[in-house]
Amino acid sequence: MSSTPKGERRLHDRYFTPGRLSGAIVNALPLKRGVVVWEPHCGDGSFVRALRGPGCLVIASDVEPALEGASVCDFLALGAPSTPRAARPQWVVGNPPFAGALAH
């Protein structure tokens, strides 16, 4: 649930996950070093940074990424970014936009 008053939503629902929260979520997952993870709603990179900690290989994308080096990709329209077979994601981790959470 958002604390933003109705009618005052940010473009693309850009509410970034705090680093402590994304770190706690990633630490609760059984991820192994070298596993490929796609963060399709990377925003400013909170989950990307948390995922790199345990040694995951991260594919970062967003419709309007605030993270330098991330790919521009609409998760609902395009699906996973084109990657070589060895680099296909085994996990998808992140925080989808609130307004489209069910569709994601």
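Please read these numbers as outputs of a predicted model, since none were measured by experiment.
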Does any non-hydrogen side-chain atom of P40 lie less than 4.5 Å from one of V92? yes

Ignoring hydrogens and angles, tell me if any N or O in the side chain of Q90 forms a donor-acceptor pair with the backbone of V35 under 3.5 Å. no

G19 and S46 have their tightest heavy-atom pair at CA-OG, 3.5 Å

Rounded to the nearest 0.5 Å, the CG atom of D62 sits from the CD atom of E39 at a distance of 7.5 Å

Does any part of the side chain of V72, heavy atoms only, come nearer than 4.5 Å to the side chain of V63, both counted from C-beta? no

Is it true that a side-chain atom of S22 and a backbone atom of T17 form a donor plus acceptor pair closer than 3.5 Å? no

ring-ring contact (aromatic ring centres under 6.0 Å, His included) partners of residues 39-71, not counting sequence neighbours, each pair once: H41-F75, H41-H104

What residues, two or more places apart in sequence or in another chain, satisfy side-chain contact (heavy atoms from CB on, under 4.5 Å) together with L67? C42, V48, R49, A60, A70

Report the residues that fulfil side-chain contact (heavy atoms from CB on, under 4.5 Å) with L29, sequence neighbours left out, ordered by chain and then residue number. L31, W91, V93

Hey, could you give me the CG/CG distance between L51 and L57, rounded to the nearest 0.5 Å? 10.5 Å

Taking all heavy atoms of P96 and all of G94, pick out the closest pair and write down the distance. CD-O, 3.8 Å

With D44 via side chain to side chain donor-acceptor pair (under 3.5 Å) - residues at least two apart: none

